[in-house]
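See below for the structure under consideration.
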Amino acid sequence: MSVVTRFPPSPTGFMHIGNARTALYNYLFARHHGGKFVVRIEDTDRARHSEEAVQAIFRSLEWLGLEYDNEAVSQFEQRARHAEVAMQMVEKGQAYYCYCSPEELNVMREQAKKEGRSSFYDRRWRDRDPSEAPKGVKPVVRIKAPAEAGESVINDLVQGEIRITNDNLDDFIILRSDGTPTYMLSVVVDDHDMGITHIIRGDDHINNAFRQKIIFEAMGWDIPRFAHLPLIHGADGAKFSKRHGAASVEEYRDMGFLPEALENYLLRLGWGHGDDEIISREQAIQWFDLDAVGKSAAKFDMAKLESLNNYYLSHAEESRLLTLITPFLKQRHQIDIRNDALAQKRVMSGMTELKERSKTLIQLTDEAAFYTKKIPYDFDEAAQRTLNETAHDTFDALLARFRECSDFTTAGIQNLCKQIADDLHGGKLGKVAMPLRAALTGTTVSPSIFHAAEILGQEESVARLEFTKERFWKNNPLSRNAAN
RNA sequence: GACCCCUUCGUCUAGAGGCCUAGGACACCGGAUUUUCAUUCCGGCAACACGGGUUCGAAUCCCGUAGGGGUCGCCA
């Protein structure tokens with residue numbers, strides 16, 4: 001039988017990083033086995049359903065490049081079918097109406113808690129005659145869980161054999177009093193109808209597996225194989241959530257991570273293949289299987305993600321990177337380079353250096369920004385300090401030599417700076433290069449400033465030096481005095 | 001509290017009884033390169049939770065203890 005896996009997010013928020021990993025594993029497992037990977041939106045709870053959340057899930061899936069087969073299914077739309085299955089079970093005597101009030105249920109719950117039991121419903125309506133039903137109370141439908149002593153066993157593909165005693169299973173609700181199906185019923189019916197062969201999900205669902213198994217058995221359906229993945233934890237060891245930092249896929253996208261970097265990171269979080277660290281999608285499909293999934297929870301480590309991102313950034317196609325930083329440039333620096341061919345060309349010329357030093361697209365954007373700046377531009381604090389401490393004659397020499405330079409190449413420019421350093425600073429190149437960097441970029445951090453100057457071109461570089469001189473030596477009497 | 005699960009360097013992991021004086025990656029700490037930062041290159045620090053077994057031999061198998069996590073809804 002061919003493998004069919006599924007990703008069933010509930011649209012109550014955005015796509016959690018843990019769900020993204022679950023989706024990835026389902027995707028890889030299906031592709032590895034040449035099967036199908038389908039998506040189902042678990043939207044039976046209309047009150048918590050949000051169209052925005054549904055869209056965010058599809059956006060995240062697309063951004064991660066996790067293509068699914070068939071059309072995505074809406075669980076809500078199958079509700080009639082789910083209810084029908086519930087009725088079949090009632091008819092066959094495998095399920096029954098329960099007329100308990102919320103108050104009665106609360107009492108039972110309290111009692112169970114006091115006695116330290118994890119199941120609480122006392123099955124009071126299991127064998128009672130419906131004629132005893134109180135008037136005007138709309139019943140729920142509960143399934144008959146095994147009442148006799150015994151054990152229920154699941155052979156989990158990740159966790160191994162898990163067994164619990166039947167007294168932990170009570171007659172849970174499959175149809176609400178308003179006639180709508182509960183999650184527990186809907187999942188089983190849908191999984192069956194969709195031909196799901198492997199249920200790969202977070203291990204917070206382990207307990208549900210035992211309940212779902214009861215429904216599968218009542219209906220005489222084949223039970224899919226289960227694989228419960230350990231959860232992703234935050235640095236403090238608790239289930240990873242918003243309070244641990246960014247928890248949604250789109251937040252990582254907005255922080256400047258590449259989807260392939262996030263994918264690689266998530267893949268290795270809980271799964272390994274020898275000493276391999278950098279793993280492509282193709283290799284992942286070839287190598288991924290459930291037997292190599294670890295059983296213990298993993299802590300999310302931002303530093304490692306960043307390191308992976310740096311790798312993928314360094315190896316990314318440069319025109320793609322240009323496209324990716326364009327919106328960030330607009331957002332963070334109010335610079336629109338979409339129609340600025342010159343700025344684009346300059347950024348592209350410096351891209352090789354830029355991408356190898358960056359951990360995120362944000363960092364790449366910020367360090368590429370100077371190429372796109374127009375006079376007048378701002379100088380950050382450190383740059384201002386550097387310029388204020390620069391001797392007047394050093395800067396003048398720089399300007400003069402830049403104007404008359406006949407070999408405006410990285411080597412030529414470095415040479416020229418070296419000469420000034422020899423003349424005025426005992427050969428200390430930093431005394432010349434740092435002011436040059438501050439002047440040309442408005443910052444004190446950049447790739448090779450000689451190369452940057454070459455990319456900017458002689459005309460632009462001279463203009464920027466003139467602008468800087470204007471800005472610092474005309475308006476700052478103190479530094480003029482210091483220089484003289 | 002009950003039930004279920006987990007436990008190798010700070011973190012992610014390799015390890016399926018001898019190949020382990022426990023390997024890799026990230027982080028961290030040195031050093032080299034360097035005009036800054038970053039990169040790169042060398043080098044270093046660092047773990048089998050604990051206690052019992054089983055065995056000629058255990059990180060690997062069994063039991064117990066401790067610690068951690070998850071689940072206990074007419075939510076999904």
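The structure presented is a predicted model; accordingly, all values stated were derived computationally and were not measured. Note on naming: letters A, B, ... go to the chains in the order of the sequence lines (proteins, then strands), and numbering restarts at 1 for each one.
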Exercise. Should B:A49 form a Watson-Crick or G-U wobble pair with both distances under 3.5 Å, which nucleotide is its partner?
Worked result: B:U65

Does [N] have OP1 or OP2 sitting under 4.0 Å from an N or O in the side chain of [X]?
X	N	answer
A:K239	B:U71	yes
A:K304	B:C12	no
A:R109	B:G73	yes
A:T44	B:A76	yes
A:K359	B:U39	yes

Problem set entry | Base B:G23 to side chain A:D275, donor-acceptor N/O within 3.5 Å cut-off | yes

Exercise. So, does the side chain of A:S177 form a donor-acceptor pair with the base of B:C74 at under 3.5 Å?
Worked result: yes

Applying a 4.0 Å non-hydrogen cut-off, can you work out what [X] is touching in the nucleic acid: base, sugar-phosphate, or nothing?
X	value
A:E42	sugar-phosphate
A:F172	nothing
A:C98	nothing
A:I449	base
A:P447	base
A:T443	nothing
A:H205	base
A:S307	sugar-phosphate

For this session: For A:D43 and A:Q75, run side-chain hydrogen bond (donor to acceptor under 3.5 Å, both in side chains): C-alpha distance rounded to whole Å, both residues' side-chain angles, the deciding distance at 0.1 Å, then the answer.
Result: CA-CA 6 Å; A:D43 49 1; A:Q75 186 160 73; over 6 Å; no

Problem set entry | Value in whole Å for how far the C1' atom of B:C37 lies from CG of A:D366 | 13 Å

For this session: Measure up the A:F288 and A:W271 rings against each other and bin them: parallel (under 30°), tilted (30 to 60°), perpendicular (over 60°).
Result: tilted

Exercise. Regarding A:E52 and A:S50, is there a side-chain donor-to-acceptor distance under 3.5 Å anywhere?
Worked result: no

Exercise. Taking for each residue the nucleotide of RNA chain B with the nearest heavy atom, is it A:Y265 or A:Y183 whose nucleotide lies nearer the 5' end?
Worked result: A:Y265

Problem set entry | Pairwise 5' ranking along RNA chain B for A:N208 and A:G270, keeping only the more 5' one | A:G270

For this session: Identify which nucleotide among B:U7, B:C12, B:U35 has an atom closest to any side-chain atom of A:S296, counting heavy atoms from C-beta outward.
Result: B:U7

Exercise. Between B:C74, B:A76, B:C37, which nucleotide has the shortest distance from any of its atoms to the side chain of A:V445?
Worked result: B:C37

Problem set entry | A:E367/A:R357 ion pair, N-O < 4.0 Å | yes

Exercise. Any Lys/Arg nitrogen of A:E460 or A:R464 sitting under 4.0 Å from an Asp/Glu carboxylate oxygen of the other?
Worked result: yes

